[in-house]
Amino acid sequence: MNEPLPLDHGHLQQLVTADLVRPDHLLGAHPTSEHGVDGVRFGVWAPNAHHVSVVGDFNGFNGFDNPLERLDFGFWGGFVPAARHGQRYKFRVTGGDGRTEDKMDPYGTFFEVRPATASIIWNQPFTWTDGDWMKGRDPGFERPVSIYEVHLPSWARRDDGWFMNYRDLAHRLGEYVGYMGYTHVELLGVMEHPFDGSWGYQVTGYYAPTSRMGSPEDFKYFVNHLHSLGIGVILDWVPGHFPTDSAGLAHFDGGPLYEYADPRRGFHQDWNTYIFDYGRNEVVMFLIGSALKWLQDFHIDGLRVDAVASMLYLDFSRTEWVPNIHGGRENLEAIAFLKRLNEVVHHMAPGCMIVAEESTSFAGVTTPTPFGLGFDYKWAMGWMNDSLRYFEQDPIWRSHHHHALTFFNAYRTSENYVLAISHDEVVHLKKSMVAKMPGDWYAQRAGYRAFLALMWATPGKKLLFMGQEFAQPTEWNHDAGLPWHLADHPDHRGVMNLVRRLNGLYRTRSDWHVSETKEEGLLWVSADDVEQSVYAFVRRDHQSGAWSVVVANLTPVYREAYPTGVPQGGEYRLLLSTDDGEYGGFGTQQPNLSASDEGWHGQTHHLRLNLPPNSVLILAPIEATVTSDDR
């Protein structure tokens, strides 16, 4: 293992001037040797503390045996010869307020299983075998990116109800994700956190995978194994706020340190959490160091940055707020932090993707710095809200909301988007995805299949939360494993078969993934058939000229021989019908897939299609003669 950086003036100065992007190489607990004696070197930032000592198994948690020395710039450090790998420890901090509290190590790499809070000295080697994967990493702008969002503690449980180990999950999840055709998994709840019900979004260990499912090496095995299967790993990362738990970062040295001092900036009332002080270099380096720890040391392929909107705006979800120096509502310090984060990550971990969960119209989220924030992707929250609002309507009223499904096309190239149906859409009485659909059980499944097909056929990377791929009928419950027994039922297996087929088309058809961020990637054929709620568009690859036609009938009415304009004559093949019996549909047939030379919908030819109720058809010419440059 690498030796820690010396706790000297020069390195500490680098940290306080924001020039040390891996502060975990300096602070925390580092097994090492001094003067030929083995032990552990400890370092911590606590500028307002009167006294700091390290307590642990090595001294019976006695606060008098191992006091730390006050160093430059508010840091404390010391060497403990009795300390060893695997022992528990805490920092005992007497703060500026005179109170003494035991604190978790902010840079801890392993922790006790909740509700215990001690850090654990950890320094184990791991042999990676994913060198080829690491060399080939890229953000995938012109590649298929289909993400399976997973909460590992509830994706599957052991028979006794306890959490599965990362190593067992690696094989079970990896095999399933490979079978379903996803390119990536995105994990929530992986970084250490005290409360299961926070789903991992109230983090206390920014440098540690949760010990609920094993050791750091177990988690590395998980990542390494998924890479061996060709599956990327993305983590949810939360630099916007942290919990008020007294053992964690909150009031670390007796007062505000990692958080803004003014509660109008430093406290989030909705989540009962503290907000990081992005104006302090030590805090900025702490967060950037965390990002690099995951991307470099754990070989993670990307981070989905949670709640970016709450970071960007000083008035986010609050009535009392403090304007910036220009009198505006933007948090200029947070904006500067996000730009620095993306610059550092793209330099230090090339090929990784950084994704923003940003729910407003803030301009330039995926524009490179310095003109934009520098993210690779942004979640398409507008697309998600408009699409769900449309599909939740009783079909009799959908004609009044017709353009909810076409509006995304007006701005879809303004950012690099991920079309995300995440855990947030299937909790807190929002219903599961299939249960959002109107009608009886058959109609709900038909509507949901149509939604999924349109989602995959719409330009943008894909993300679907676990359980929705087999039409889980109930909301997600983080305290229990998924109801996998339902996946064996034909009604649910049909939806699973559809998602697998959609992933297959998305991965193999260049017209579905190469031009996702370009205007020419989608051409509307029929966007205005309001009365019949029918949509038709062409997906195109601007490089190869490959293209396909997508036709959606979103009412429970069968439409026979519906004329649909296409850009060339000849024979067509049906790539997918959501009404196919394999997916749980009726199996409506298409007797004639030969295009007439009569123009329609502004196109040179047309097909006469039988449109099943609540369905999507996807067709392609058997021999494409029209290229993406033809009109």
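Both backbone and side-chain heavy atoms feed into the values below; hydrogens, waters and symmetry mates do not.
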D511 vs R539, salt bridge (Lys or Arg N to Asp or Glu O under 4.0 Å): CA-CA, chis, key distance, verdict: CA-CA 6 Å; D511 49 319; R539 288 301 312 276; over 6 Å; no
Audit row: L303, C352, side chain to side chain contact (heavy atoms under 4.5 Å, CB included) steps and yes/no: CA-CA 8 Å; L303 300 174; C352 292; over 6 Å; no
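- At least one donor-acceptor pair under 3.5 Å links the side chain of R540 to the backbone N or O of E520.
- The heavy-atom pair separating G174 from L226 by the smallest distance is CA-CD1, 4.1 Å.
- Ring geometry, F276 versus Y206: the interplanar angle exceeds 60°, so the pair is classed perpendicular (tilted spans 30 to 60°).
- Screening residues 270-281 for salt bridge (Lys or Arg N to Asp or Glu O under 4.0 Å) gives no qualifying pairs among residues at least two apart or on separate chains.
- Residues F111 and Y207 keep their aromatic ring centres 6.0 Å or farther apart.
- Judged purely by atom type and a 3.5 angstrom limit, N324 uses its side chain to pair as donor or acceptor with the backbone of E330.
- The salt bridge (Lys or Arg N to Asp or Glu O under 4.0 Å) pairs that include a residue from residues 15-26 are R22-D24, R22-D297, where partners are two or more places apart or lie in different chains.
- The two residues T366 and N416 come nearest to each other via the heavy atoms OG1-N, 3.1 Å.
- Here the two rings, on F75 and H11, have centers that are 6.0 Å apart or farther.
- A distance of 11.0 Å separates CE of M466 from OH of Y176, quoted to the nearest 0.5 Å.
- Remark: side-chain polar atoms of R265 are not paired, donor with acceptor, to backbone N or O of L314 under 3.5 angstrom.
- A perpendicular orientation is assigned to the rings of W128 and F126, their planes being inclined by more than 60° (bins at 30° and 60°).
- Ring-plane geometry between H513 and Y506 is classed as perpendicular, the angle between the planes exceeding 60 degrees on a 0 to 90 degree scale with a lower cut at 30.
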Derivation of the side chain to side chain contact (heavy atoms under 4.5 Å, CB included) call for V145 and E516: CA-CA 11 Å; V145 176; E516 289 183 301; over 6 Å; no
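- The side-chain heavy atoms of I421 and V426, taken from C-beta on, include no pair separated by under 4.5 Å.
- Under a 3.5 Å cut-off, the side chain of E469 and the backbone N or O of G467 do form a donor-acceptor pair.
- Residue M311 comes nearest to D306 through the heavy atom pair SD-O, 4.4 Å, listed as atom of the first residue, atom of the second, then distance.
- A heavy-atom distance below 4.5 Å is not found between the side chains of V150 and Y182.
- Aromatic rings from Y258 and W45 are positioned such that their centres are separated by under 6.0 Å.
- Between N165 and Y221, every side-chain heavy-atom pair lies at or beyond the 4.5 Å cut-off.
- Not a single donor-acceptor pair under 3.5 Å links the side chain of W199 to the backbone N or O of H478.
- Applying the 6.0 Å contact sphere to CZ of F407 captures no more than 12 heavy atoms from other residues, nucleotides or ligands.
- Looking at S510 and Q543, their side chains never come closer than 4.5 Å, going by heavy atoms from C-beta outward.
- Separation of atoms OH (Y107) and OG (S119) is listed at 13.5 Å; rounding is to 0.5 Å.
- Counting only distance, with no hydrogens or angles, the side chain of D245 and the backbone of A247 share no donor-acceptor pair below 3.5 Å.
- Side-chain N or O atoms of D301 include none that pairs as donor or acceptor with a backbone N or O of I234 at under 3.5 Å.
- Using a cut-off of 4.0 Å between Lys/Arg side-chain N and Asp/Glu carboxylate O, E358 and K378 are scored as salt-bridged.
- Shown here is E175, whose CD atom has no more than 12 heavy atoms of other residues, nucleotides or ligands within 6.0 Å.
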Pair K461-H184, side chain to side chain contact (heavy atoms under 4.5 Å, CB included): steps then yes or no: CA-CA 11 Å; K461 309 307 180 185; H184 294 73; over 6 Å; no
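- Under the 3.5 Å distance criterion, the side-chain polar atoms of E282 are left unmatched by any main-chain donor or acceptor of V16.
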Output side-chain donor-acceptor pairs under 3.5 Å for residues 367-377, partner residues at least two apart or in another chain, one line each.
residue	atom	partner	partner atom	Å
T369	OG1	E343	OE2	3.0
D376	OD1	H346	NE2	3.2
D376	OD2	H346	NE2	2.9
D376	OD2	I354	N	2.8
Y377	OH	P139	O	2.9
Y377	OH	G140	O	3.2
Y377	OH	F141	N	3.4

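- A donor-acceptor pair under 3.5 Å is formed between the side chain of Q468 and the backbone N or O of M433.
- Taking the six-membered ring for Trp and thresholds of 30 and 60 degrees, W294 and F219 have ring planes more than 60 degrees apart, a perpendicular arrangement.
- Looking at L295 and I300, their side chains come closer than 4.5 Å, going by heavy atoms from C-beta outward.
- Evaluated for a side chain to side chain donor-acceptor pair (under 3.5 Å) with T273, the options E259, H241, Q202 yield exactly one hit, H241.
- Shown here for F465 and S422, the closest heavy-atom pair between the two residues is CB-C, 3.7 Å.
- Looking only at distances, no side-chain donor or acceptor of E192 sits under 3.5 Å from a matching main-chain atom of T204.
- Ring geometry, W383 versus F451: the interplanar angle falls from 30° to 60°, so the pair is classed tilted.
- At least one test fails for R114 against the ring of F195: distance under 6.0 Å to the centre or angle within 45° of the axis.
- The ring of W476 has its center closer than 6.0 angstrom to the ring center of H151.
- Between V308 and A356 the shortest heavy-atom distance is CG2-CB, 4.0 Å.
- A salt bridge does not link E3 with R41: every distance from a Lys NZ or Arg NE/NH1/NH2 to an Asp or Glu carboxylate oxygen is 4.0 Å or more.
- Using cut-offs of 30° and 60° for the angle between ring planes, the W271 and H268 rings count as parallel.
- For the atom pair CZ of R412 and OG1 of T458, the computed distance is 9.0 Å after rounding to the nearest 0.5 Å.
- Put simply, the side chain of L26 reaches to within 4.5 Å of the side chain of L12, judged on heavy atoms.
- The side-chain heavy atoms of W512 and P144, taken from C-beta on, include no pair separated by under 4.5 Å.
- Remark: L229 CG to L173 CG distance equals 9.5 Å, nearest 0.5 Å.
- W321 places none of its side-chain heavy atoms less than 4.5 Å from the side chain of F316.
- Relative ring orientation between H85 and W122 is described as tilted, the plane-to-plane angle lying within the 30° to 60° band.
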Step-by-step side chain to side chain contact (heavy atoms under 4.5 Å, CB included) determination, Y274 to T244: CA-CA 6 Å; Y274 289 122; T244 59; 3.6 Å; yes
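- Shown here is Q13, whose CD atom has more than 12 heavy atoms of other residues, nucleotides or ligands within 6.0 Å.
- No hydrogens or angles considered: nothing links the side chains of N503 and R500 as a donor-acceptor pair under 3.5 Å.
- Summarising the geometry of Y166 relative to V190, their closest heavy-atom pair is OH-O, 4.2 Å, with the distance given to 0.1 Å.
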